Amino acid sequence: MTERTATAIINLDIEGPTISRHLYGHFAEHLGHCIYGGFYVGEDSPIPNEGGIRLDVVEALRALDIPNLRWPGGCFADEYHWKDGIGPKEGRPRMVNTHWGNVEENNHFGTHEFLALCELLGAEPYISGNVGSGTVQEMSEWVEYLTRDGDSPMVRLRRENGREEPWRVRFWGLGNETWGCGGNMRAEYYADLARQYATYCRDHGDNKLYRIASGAADGDYAWTETLMKQISCFGCEATPKNFFQGLSFHYYTLAGPWDAKGSATDFDVEDYYRTMVAARRVDRLIAGHSAVMDCYDPGKRVGLVLDEWGTWWDVEPGTNPGFLYQQNTLRDALVASTHFDVFHRHADRLVMANIAQTVNVLQAMVLTEGERLVKTPTYHVFEMNKRHQDATSLAVHLRTAGTRRPVGDRELETLSASASVRDGELLVSLTNLDAAEAAEVTLDLRGGGVEEPTARLLTADRLQAHNTGDDPEAVAARAFDGVARTAEGGLRLTLPPHSFVTVAARLR
């Protein structure tokens, strides 16, 4: 049997870019039971709530130091008209959610409820505006309603609805997936709209907007270039025009074709490895979009935003196919852990990422069923990694032996790692994607030393393991005592098969 070993060389005294906390962002769409029954149960619910907002969900997410929350979509954003979701609930007009299940939306969860949720979470709001079926005036007035002080028509309307002081709302999406559900636009047409909408989404007072243009799907680098041409010129060093400050793209991890994504829980080892190859592709995509942006913005003033990512499986049998409810296994957790390693490596350009989605939809943090709440395996990856938020990245140079395996016509590197320092504490994240074999890893720490380390482990006996209301801790983080010091002052540990480990230690 091939020995699976690796040395991770980490220079403690050579600092990289800061890992923005916003790379650990989240996404909540009016889709299935993400909002209703997930975040929001109504004030009359027997489930403990504040203003209808479910408090056990808030408590679980606050433990992740959730930095931002994107809302109201997704595809739903481009059929959402914000004035339908303000004022007394009994007077709010209803609509049909044509994208997700063709169900009626009563608009009881609207702007004020979302901002109250963000305040409870301690998270910054990220609002995705309606470009697909809305107007420039509509989005401009939404910005004014939320962020303007003093006196104006929208300020008076906000005060009539019970909010005296403006909110601080920096992040605004100029549409969503405008190449698809957000209008089926051409890149050139949307690029003009992005300039127009950005012009009328104004800064009010000291609330400076971070406008995020609706970018590409997957590897559509031509879409990214078309947008970058609107703000700068190829190869020049001029400061980009200030129409938008961020540019998004979306990438979902699938093991099979779009029309046969496979089961979230019933899969074999070949499906697992195909999933991990697809997950690893995000590295190439971020690098590709970054390379295009570098040609027009070498100073990296415009941020790349991956505001939808995660696994996408066939819905659970017996559920509404338009609600996108899926279980969440150890496989999903390892997709998340490897994504974060990639995000950390690209922290100079990637400034935000939002997993899809937070509650009850796709790769969720928590699943709810009535009064019960279950933390998914992916939740534990976010919790174990949270000290990377706003930390200084450290490059990890991997020397590996026997850790690559063929997957179809591709090859998969089964070890992934990243590291950072925050407040004098080192955090190293390590993932072993091999389904059957352990891997021995030496952390070669140079340019400094560390105090006694502590470690945590996330794994299970099966790749298909997942948490339920009856077994909520089947996949959960546990203390790991397998870290030893080396004679050279480094650390050595053996990663179990299909596992995620974090090692923390104070610098000395």
Side-chain angles (χ1 to χ4, degrees), residues 2-19 23 276 280 283 333-334 336-347 380-405 412-434 437-459 477-508:
T2 302
E3 184 179 10
R4 300 180 184 276
T5 63
T7 298
I9 301 168
I10 304 173
N11 293 294
L12 300 176
D13 57 345
I14 301 179
E15 297 180 345
T18 298
I19 297 168
L23 295 179
M276 293 307 155
R280 287 280 200 167
D283 194 6
L334 300 183
S337 66
T338 54
H339 269 64
F340 283 129
D341 291 338
V342 172
F343 295 170
H344 300 164
R345 286 197 294 275
H346 291 282
H380 294 288
V381 172
F382 274 73
E383 192 278 326
M384 293 167 70
N385 254 7
K386 66 182 181 181
R387 283 195 61 83
H388 285 303
Q389 295 185 28
D390 286 339
T392 300
S393 63
L394 300 174
V396 178
H397 304 280
L398 277 174
R399 290 202 306 254
T400 62
T403 62
R404 301 186 75 85
R405 61 176 303 123
L412 175 67
E413 170 57 68
T414 56
L415 282 179
S416 179
S418 62
S420 70
V421 172
R422 193 179 95 181
D423 300 328
E425 184 171 344
L426 170 70
L427 182 63
V428 182
S429 297
L430 300 153
T431 302
N432 180 14
L433 296 177
D434 196 287
E437 302 293 337
E440 184 177 292
V441 180
T442 298
L443 303 182
D444 182 355
L445 305 177
R446 302 180 182 181
V450 296
E451 303 290 348
E452 196 63 26
T454 60
R456 302 171 72 198
L457 168 69
L458 184 74
T459 191
R478 294 175 172 83
F480 180 57
D481 61 3
V483 182
R485 288 187 178 275
T486 67
E488 296 79 16
L491 302 172
R492 182 177 291 115
L493 65 158
T494 299
L495 300 178
H498 52 260
S499 69
F500 173 57
V501 171
T502 55
V503 180
R506 297 290 304 175
L507 299 181
R508 63 164 189 240

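Residues: numbered from 1 along the sequence shown. What you are looking at is a predicted structure, and each value in this text was computed from that prediction instead of being measured.
- Residues passing the salt bridge (charged side-chain N to carboxylate O under 4.0 Å, His left out) test with E488: none are found, sequence neighbours excluded.
- The salt bridge (charged side-chain N to carboxylate O under 4.0 Å, His left out) search around E15 returns none, not counting sequence neighbours.
- With sequence neighbours excluded, the residues forming a side chain to side chain donor-acceptor pair (under 3.5 Å) with R345 are D283, listed by chain and number.
- In terms of the side chain to side chain donor-acceptor pair (under 3.5 Å) criterion, residue partners of E383 (sequence neighbours excluded) are, by chain and number, R456.
- The side chain to side chain donor-acceptor pair (under 3.5 Å) test applied to T459 returns no partner, not counting sequence neighbours.
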Side chains of residues 497-508: which donor-acceptor pairs under 3.5 Å do they make with residues two or more places apart or in other chains?
unit_1, atom_1, unit_2, atom_2, d
H498, ND1, A435, O, 3.0
H498, NE2, A460, O, 2.9
S499, OG, P496, O, 2.7
R506, NH1, D423, O, 2.7
R506, NH2, D423, O, 3.3
R508, NH1, V450, O, 2.9

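- Shown here are the side chain to side chain donor-acceptor pair (under 3.5 Å) partners of T431, two or more places apart in sequence or in another chain: S337.
- No more than 12 heavy atoms of other residues, nucleotides or ligands lie within 6.0 Å of CG in D481, so this atom counts as exposed by the packing criterion.
- You'll find the side chain of L443 stays beyond 4.5 Å of the side chain of V483, heavy atoms only.
- The shortest side-chain heavy-atom distance between M276 and L334 falls under the 4.5 Å cut-off.
- For R399, the salt bridge (charged side-chain N to carboxylate O under 4.0 Å, His left out) criterion is met by no residue, not counting sequence neighbours.
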I'd like to know whether L493 forms a side chain to side chain contact (heavy atoms under 4.5 Å, CB included) with L430, so could you lay out the CA-CA distance, the side-chain angles of the two residues, the decisive distance to 0.1 Å, and finally the verdict. CA-CA 10 Å; L493 65 158; L430 300 153; 4.0 Å; yes
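- The two residues Q389 and R422 have their closest heavy-atom pair at O-NH1, 2.9 Å.
- With sequence neighbours left out, the side-chain contact (heavy atoms from CB on, under 4.5 Å) criterion links T400 to A6, L398, T403, E413, L415.
- The side-chain contact (heavy atoms from CB on, under 4.5 Å) check on D434 picks up R4, Y273, R405, T414, N432, A436, E437, with sequence neighbours excluded.
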Please report the C-alpha distance between M384 and S429 in whole Å, then the side-chain angles of each, then the deciding distance to 0.1 Å, and finally whether the side chain to side chain contact (heavy atoms under 4.5 Å, CB included) criterion is met. CA-CA 9 Å; M384 293 167 70; S429 297; over 6 Å; no
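- Judged by distance alone, with hydrogens and angles left aside, the side-chain atoms of R492 form no donor-acceptor pair with the main-chain N or O of E440 at under 3.5 Å.
- Screening residues 441-451 for salt bridge (charged side-chain N to carboxylate O under 4.0 Å, His left out), with sequence neighbours left out, gives D444-R446.
- Side-chain atoms of S393 and H344 form no donor-acceptor pair, as typed in the model, at a separation below 3.5 Å.
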